[in-house]
Amino acid sequence: MSEGTFQAPVGTHDVLGPESRQWEGVIATFAQWAYRYSFSLVISPLFEDVGVFHRGIGEASDVAKKEMYVFEDRGGRRLALRPEGTASVVRAFVQHHPTTPWRAWYVTPAFRYERPQAGRYRQHHQLGVEVLGSDDPAIDVEVIALAERFYRAIGLRRFRLHVNSMGHAECRSAYVEVLKSYLARHVDELCDEHQKVWLANPLRVLDCKKAACVTVTVAGPQLPDYLCDACRDHFIAVQRGLTAIGIDFQLAPRLVRGFDYYTRTTFEFASDALDAAQNALGGGGRYDQLAEQLGGEPASGIGFGSGIERLLLARHAEGVDEALLKRSVDVFVVDTTGDDVATPLVDELRLRGFAVSRSYDQRSMKAQMKLADRSGARLALLVGPQERDRGEVTIRDLRSADFEQTQASVARDAVIDAVTQRLLK
RNA sequence: GUGGGCGUAGCUCAGUUGGUUAGAGCGCCAGGUUGUGGUCCUGGAGGCCGCGGGUUCGACCCCCGUCGCUCACCCCA
């Protein structure tokens, strides 16, 4: 780029109209579904003490180790931009002690320092929910259901739900021991990378997509077989609940998610319309230790998060009709009087609830009509010297071919009624 | 962090073996209509060919560097 101009930093992007219309649609739809499920909006800071994320998502995770935006402020505080939504929300829960079960939804940017790629950014945007203070499996079912209903509401169809249970700390560590000794016997069959690092985090091997690792882990011990009675009952209850409300799912015994805080239920929605590298629409799970890790009283929690850019990619890949989301107004006011009669007319229409656009800079009638057409307006209101002198406004239906029949003049005082009538037809 | 591809008008892209005034389509503006859009016709505006250096009589084109975009690995949203 030439000197003296700026552009958005690497891995970030501006979203302008008309594309931003889709963002409005996705976020509004999510807000509506969150409302139906009785969630309330939580807004928390974009940056936190770095410890919130270190303790929250686990020191060992890639995100905490090398992807966080960490900085020191003028007061010497060590802060980090949020790399994901959950840890901040749980920190807010611990700080304010709201009555439980606490149900919160959010929409937020998230920051990760990594090389950008298709559907992957340094600043991306997530929306999601969290429920804290109850381990009732009915809540697991609701959180998963909300995600599923929401995806359908924005037009997605080609996705699958994978569900697993990681157990609580004790049954999981028992399983990890079994897994370790199993892997120890099959080290040389793993992929190159995991031959070296399997011991540090054996669960990650389950997540490996390489054929070698898949072959080994499929044949090995499966996490759900090692659950304690309580965790198994919980997992069965979640499955029953999903079935009861008609949500299809597949058991995925090797599904382990990236952050260390997950316990018991974990789930992921995978798009069949996207390449495997970025097919995760969203996911989440239960985190029954996280509140404690952040210094609060023990409180179980569960949530899910979804990347907005990912959802839009998937929607595009599925060919969801984006034309429906094209921005358009109800009325376009054309004023050729030179006296600016448009300003009060437009104001009056807007006060009555219509979406209204107009032109500026004294353009010709022809130019103004072109703008009216492109605005997508249903009606054009024309005021020229003639209408002004007679105290009238000409109403024209821009969507009808034969304007001779539909174009008519009405008294200025009767404009609102006439517009209302035409738009209701 | 590692590797591949690509940077020419607001957008999508052409640009001959290196040759003098850099093109198209779309979009934008104006006119064809003395007050009427969507089609059509005509005209116009808009480019330090990402940036810096080098080779050459001459560089959008070749070489080096740099920045940016993009794709893949890793990991994830």
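Worth saying up front: this structure is predicted, and the values here are computed from it rather than measured.
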Would you mind telling me which of rG68(B), rC73(B), rG35(B) lies closest to the side-chain atoms of Gln117(A)? rC73(B)

With a non-hydrogen cut-off below 4.0 angstrom, is Glu309(A) in contact with a base, only sugar-phosphate, or nothing? nothing

Does a donor on one side chain sit under 3.5 Å from an acceptor on the other, for Glu48(A) and Ser88(A)? yes

Taking the P atom in each of rG4(B) and rC63(B), what is the distance between them to the nearest angstrom? 15 Å

In this structure, CH2 of Trp198(A) is separated from OH of Tyr182(A) (nearest 0.5 Å) by 12.0 Å

When the distance from CD of Glu114(A) to C1' of rC73(B) is rounded to whole Å, what number comes out? 12 Å

Distance-only donor-acceptor test, Gln368(A) side-chain atoms vs rG35(B) base atoms, 3.5 Å: no

Less than 4.0 angstrom between a side-chain N/O of Arg204(A) and OP1 or OP2 of rC76(B), yes or no? yes

Which nucleotide, rA77(B), rG38(B), rG68(B), lies nearest any side-chain atom of Arg112(A)? rA77(B)

For Arg412(A), which of Glu348(A), Glu387(A), Glu392(A) qualifies under salt bridge (Lys or Arg N to Asp or Glu O under 4.0 Å)? Glu348(A)

Determine the interatomic distance between C1' on rC40(B) and the same-named atom on rC48(B); round to the nearest Å. 38 Å

For the side chain of Leu382(A), counting heavy atoms from C-beta on, which of rC29(B), rA77(B), rG35(B) is nearest? rG35(B)

Indicate yes or no: does Asp347(A) engage Arg358(A) in a salt bridge with an N to O separation below 4.0 Å. no

Quick note, Ser364(A) side chain, CB onward, closest among rG31(B), rG38(B), rC76(B) is rG31(B)

Can you list everything that forms a salt bridge (Lys or Arg N to Asp or Glu O under 4.0 Å) with Glu309(A)? Sequence neighbours excluded, please. none

Assess the pair Tyr121(A) and His13(A): is the distance between their ring centroids shorter than 6.0 Å? yes

Value in whole Å for how far the P atom of rG35(B) lies from CZ of Arg363(A): 18 Å

Rounding to an integer number of angstrom, what distance separates rA45(B) and rG54(B) when you compare their P atoms? 35 Å

Classify Ala372(A) by what it touches in the nucleic acid, base, sugar-phosphate, or nothing, heavy-atom distance under 4.0 Å. nothing

Please list each protein N or O that sits under 3.5 Å from an N or O in nucleotides 2-5 of chain B, with the distance.
| from | atom 1 | to | atom 2 | distance (Å) |
| --- | --- | --- | --- | --- |
| rU2(B) | O4 | Arg115(A) | NH1 | 3.2 |
| rG3(B) | O6 | Arg115(A) | NH2 | 3.1 |

In terms of heavy-atom contacts, Phe332(A) and Gln368(A) come closest through CE2-O, 3.7 Å

For the pair made of CZ in Arg120(A) and P in rU70(B), what is the distance, rounded to whole Å? 13 Å

Assign each of Arg122(A) and Met365(A) the nucleotide of RNA chain B bearing its closest heavy atom; nearer the 5' end lies the nucleotide of Met365(A)

How many Å lie between OH on Tyr121(A) and P on rA77(B), as a whole number? 16 Å

Side-chain donor/acceptor of Asn164(A) to backbone N/O of Pro253(A), under 3.5 Å: yes

Please assess Arg286(A) against Asp135(A) for the test salt bridge (charged side-chain N to carboxylate O under 4.0 Å, His left out), listing each intermediate value before the final yes or no. CA-CA 8 Å; Arg286(A) 189 160 271 292; Asp135(A) 65 354; 6.0 Å; no

Is there a donor-acceptor pair under 3.5 Å between the side chain of Asp335(A) and the backbone N or O of Ala342(A)? yes

When you measure from the side chain of Ala118(A), which nucleotide among rC29(B), rA77(B), rC71(B) comes out closest? rC71(B)

Nearest-angstrom distance, P atom, rG25(B) to rG3(B): 43 Å

Atom-pair distance (CD on Gln7(A); P on rG7(B)), nearest Å: 17 Å

Mind checking the P distance from rC62(B) to rC6(B)? Whole angstroms is fine. 10 Å

For rC76(B), take OP1 and OP2 only and decide whether either is under 4.0 Å from a side-chain N or O of Arg310(A). no

Length of the line joining Gln362(A):CD and rC29(B):C1', which is rounded to integer Å: 17 Å

Upstream residue (5' side of RNA chain B) when Leu398(A) and Ala280(A) are each assigned their closest nucleotide: Leu398(A)

Options rG35(B), rG32(B), rG38(B), nucleotide nearest the side-chain atoms of Lys366(A): rG32(B)

Tell me if the side-chain of Asp373(A) makes a donor-acceptor pair with the base of rG38(B), cut-off 3.5 Å, by modelled atom types. no

rA9(B) to rG15(B) separation - P atoms, rounded to the nearest Å: 15 Å

Could you please name the option among rG35(B), rG37(B), rG68(B) that lies closest to any side-chain atom of Glu387(A)? rG35(B)

Atom CG of Asp14(A) to atom P of rG68(B): distance rounded to whole Å? 16 Å

Provide the distance between the two C1' atoms, one in rU39(B) and one in rU34(B), to the nearest whole Å. 23 Å

Expressed in angstrom and rounded to an integer, what is the separation of Lys370(A) atom NZ from rA30(B) atom C1'? 9 Å

Checking only heavy atoms, does the side chain of Glu268(A) share a donor-acceptor pair with the base of rA77(B) at less than 3.5 Å? no

Can you tell me which stems involve RNA chain B, if a stem is defined as three or more consecutive Watson-Crick or G-U wobble pairs, both distances under 3.5 Å? B:1-7 with B:67-73, B:10-13 with B:23-26, B:28-32 with B:40-44, B:50-54 with B:62-66

Categorize Val334(A) for me: base, sugar-phosphate, or nothing, with a 4.0 angstrom heavy-atom threshold over every strand shown. nothing

Nearest 0.5 Å, what's the CD-OH distance between Gln32(A) and Tyr37(A)? 12.0 Å

Could you tell me if Asp340(A) and Thr343(A) have a donor-acceptor pair between their side chains, going purely by distance under 3.5 Å? yes

Integer angstrom distance from the P of rA59(B) to that of rC51(B): 15 Å

